[in-house]
Amino acid sequence: MSTTDKQGPSPSARRKARHYALQGLYQWKMSGNSVNIIEASFRAEYDMKNVDVAYFHEILHEVPARLDEVQAIIEPHLQGRSITELDPVTEALLRLSGYELKFRVDVPYKVVINEAVGLAKKFGATDSHKFVNGVLDRAALEVRALEVKAQNR
């Protein structure tokens, strides 16, 4: 077992997993294809050797499987809008991040937000990163209240 295996995936491998998962969730929304087809396509078309493939798989499959729970985390913080009213990139990104906030408590909430803001800057509309940041800040206050409180001491 190498040192990387003991420590888990590198931050850059996780970042790439989120990057591809965001694109996969976007494709799922836009094409209506199954996540199995989308995942197979990504694995065939992209070099996945520096990607946390297990994390990519988890996000791509679990966000659709837990869509109602994920949206329930995000929608109260959209200032009166429905998540489906957002542009597809922002919608996919908030779903991915909402999943991480709720179901991946091993990932610090600040990491979830920072990664989402970075992806919004890369793929989202102008200034969408500000909206994403605000929504996830508010969601984290609710979903990760103890962690946020501990960080703000």
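Keep in mind it's a predicted model, so treat the numbers as computed, not measured. Any value given below was found using the heavy atoms of this structure, including those in side chains, with hydrogens, waters and symmetry copies removed.
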Anything under 3.5 Å between a donor and an acceptor, one on a side chain of residues 124-132, the other on a protein residue two or more places apart or in another chain? List them.
residue	atom	partner	partner atom	Å
Ser128	OG	Ala125	N	3.4
Ser128	OG	Ala125	O	2.9

Quick one: sort the Tyr20 and Phe56 rings into parallel, tilted or perpendicular, breaks at 30° and 60°.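 Rings of Tyr20 and Phe56: perpendicular, as their planes differ by over 60°.
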Tell me which one of Phe123, Phe42, Tyr55 satisfies ring pair (Phe, Tyr, Trp, His ring centres under 6.0 Å) with His19.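 Single ring pair (Phe, Tyr, Trp, His ring centres under 6.0 Å) partner of His19 among Phe123, Phe42, Tyr55: Phe123.
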Can you get from [X] to [Y] by hopping between Ile, Leu, Val, Met, Phe, Trp and Tyr side chains that sit under 4.5 Å apart?
X	Y	result
Leu146	Val112	no
Leu101	Val107	yes
Tyr46	Leu22	yes

Does the distance from a Lys or Arg side-chain N to an Asp or Glu carboxylate O, for [X] and [Y], drop under 4.0 Å?
X	Y	value
Arg104	Glu58	yes
Glu142	Arg138	no
Lys29	Glu91	yes

Atom pair CD/CD of Glu69 and Gln71 - distance to nearest 0.5 Å: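 Reported to 0.5 Å precision, the distance equals 11.5 Å.
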I need the Leu96 CG to Tyr26 OH distance, nearest 0.5 Å.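 That separation rounds to 15.5 Å.
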Passing candidate, side-chain contact (heavy atoms from CB on, under 4.5 Å) with Ile74, options Val143, Leu86, Leu94: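 Per the side-chain contact (heavy atoms from CB on, under 4.5 Å) rule, the option paired with Ile74 is Leu94, out of Val143, Leu86, Leu94.
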cation_pi(Arg144, Tyr109) dist<6.0 Å, angle<=45: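 Not flagged: Arg144 not positioned over aromatic ring of Tyr109.
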Face-on cation placement of Arg66 at Phe103 ring, 6.0 Å and 45° thresholds: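 The answer is yes, since Arg66 meets both limits relative to Phe103.
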Keeping [X] on the side-chain end and [Y] on the backbone end, is there a donor-acceptor pair under 3.5 Å?
X	Y	value
Ser41	Ile37	no
Glu85	Ser82	yes
Glu115	Arg15	no

Test side chain to side chain contact (heavy atoms under 4.5 Å, CB included) applied to Lys16 and Asn50, step by step: CA-CA 8 Å; Lys16 289 177 184 173; Asn50 294 320; 3.6 Å; yes
Testing the 3.5 Å rule here: is there a donor-acceptor pair between the side chains of Glu62 and His57?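 No, no side-chain donor-acceptor pair sits under 3.5 Å.
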Taking all heavy atoms of [X] and all of [Y], pick out the closest pair and write down the distance.
X	Y	answer
Thr84	Glu75	N-OE2, 4.5 Å
Ala17	Asp52	CB-O, 3.4 Å
Ala72	Pro76	O-CD, 3.1 Å
Val148	Ala140	CG2-O, 3.6 Å
Ile59	Ala21	CG2-CB, 3.6 Å
Pro64	Leu25	CD-CD2, 4.0 Å

Using a 4.5 Å cut-off on heavy atoms from C-beta on, say whether the side chain of [Y] contacts that of [X].
X	Y	result
Asn36	His61	yes
Ile38	Gln23	no
Arg95	Ile83	yes

Apply salt bridge (charged side-chain N to carboxylate O under 4.0 Å, His left out) to residues Lys110 and Glu147 and explain how you reach the verdict. CA-CA 10 Å; Lys110 285 186 176 183; Glu147 182 184 352; over 6 Å; no
